[in-house]
Amino acid sequence: MSDTLPQTIGIDISKAVLDAYAYPAGNNQQFANTARGHKALIAWLGQWSVERVAYEATGAYHRELEQALTDLPCVKLNPARARRFAQAAGTLAKTDRIDAVMLARMASTMQPPVRPAITPEQARLAELSGHRQCVPVSRHDRA
């Protein structure tokens, strides 16, 4: 029955691996955090109607996945808030699989707004803008 319900997907992201969990179906799967793994994840998600795909902002590790999921309703969650949600739910253990479950449950319960993923061009512009802010201004440019 839960296979016909819209699913909220939680994805715990690490450097090498993606742990995914479909809620309320209760299915979990692990994928490589590579382009091939991203394609396999998207194929796995194709078996359901997906309401949200929730993941934590993990710096460099989530960016390529975020680009691969541009056609899906994604939610980037604050890691500290996700941890507090898990603690409030009484989950004290911390493994990648448990984190994926908690991310899915948090997104299903809290219903955070879905925001479109940024385009590769926007990501590159943000990266360049960040680098620009690190460049010291010379005395001649201040005048």
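Note: Leu18 CG to Asp96 CG = 10.0 Å, rounded to the nearest 0.5 Å. Between the CG atom in Leu69 and the NE2 atom in His62 there is a gap of 11.0 Å [rounded to 0.5 Å]. How far CD1 of Ile9 is from CG of Leu72: 9.0 Å, rounded to the nearest 0.5 Å. A distance of 10.0 Å separates CD in Gln87 from CE in Met102, rounded to the nearest 0.5 Å. Between the OH atom in Tyr21 and the CG atom in Asp99 there is a gap of 13.5 Å [rounded to 0.5 Å]. The distance from atom CG of Leu41 to atom CD of Gln29, rounded to the nearest 0.5 Å, is 9.5 Å.
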### Task
Under the side chain to side chain contact (heavy atoms under 4.5 Å, CB included) rule, what do Arg81 and Met106 come out as? Steps first, then yes or no, please.
CA-CA 9 Å; Arg81 288 185 180 173; Met106 179 182 178; 4.1 Å; yes
### Steps toward side chain to side chain contact (heavy atoms under 4.5 Å, CB included) verdict (Leu103, Leu77)
CA-CA 8 Å; Leu103 291 170; Leu77 300 173; 3.7 Å; yes
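Remark: side-chain polar atoms of Gln111 are paired, donor with acceptor, to backbone N or O of Ser108 under 3.5 angstrom. With Asp19 contributing its side chain and Gln30 its backbone, the two residues share no donor-acceptor pair below 3.5 Å.
Scanning both residues, Ala54 and Ala107, for their nearest heavy atoms gives CB-CB, 3.6 Å. Nearest approach of Pro24 to Pro6, heavy atoms of both residues: CD-O, 3.8 Å. Closest approach of Trp48 to Ala25, counting heavy atoms only: NE1-CB, 4.0 Å. Of all heavy-atom pairs spanning Glu56 and Pro79, the tightest one is OE2-CA, 3.5 Å. In this structure, Ala104 and Tyr23 approach most closely via the heavy-atom pair CB-CB, 3.8 Å. Here the shortest heavy-atom pairing between Ser14 and Asn33 reads O-ND2, 2.8 Å.
Between Ser49 and Glu51, the closest side-chain pair of non-hydrogen atoms is not below 4.5 Å. Residues Asn28 and Val101 fail the side-chain proximity criterion, which asks for heavy atoms closer than 4.5 Å.
For Glu66, the salt bridge (charged side-chain N to carboxylate O under 4.0 Å, His left out) test picks out Lys76, with sequence neighbours left out.
A donor-acceptor pair shorter than 3.5 Å cannot be found between the side chains of Gln7 and Arg52.
Within 6.0 Å of CD on Gln67 lie more than 12 heavy atoms contributed by other residues, nucleotides or ligands. Counting heavy atoms of neighbouring residues, nucleotides and ligands inside a 6.0 Å radius, atom CG of Leu128 exceeds 12 of them.
In this structure, Val17 shares a hydrophobic cluster with no other residue, the cluster being traced through Ile, Leu, Val, Met, Phe, Trp and Tyr side chains under 4.5 angstrom apart.
Ile98 and Phe85 fall within a single hydrophobic cluster, where Ile, Leu, Val, Met, Phe, Trp and Tyr side chains are chained together by heavy-atom contacts under 4.5 Å. Cluster membership for Val75 and Tyr55, using ILVMFWY side-chain heavy atoms within less than 4.5 angstrom, is not shared.
A salt bridge is absent between Arg97 and Asp12: the closest approach of a Lys/Arg side-chain nitrogen to an acidic carboxylate oxygen does not fall below 4.0 angstrom.
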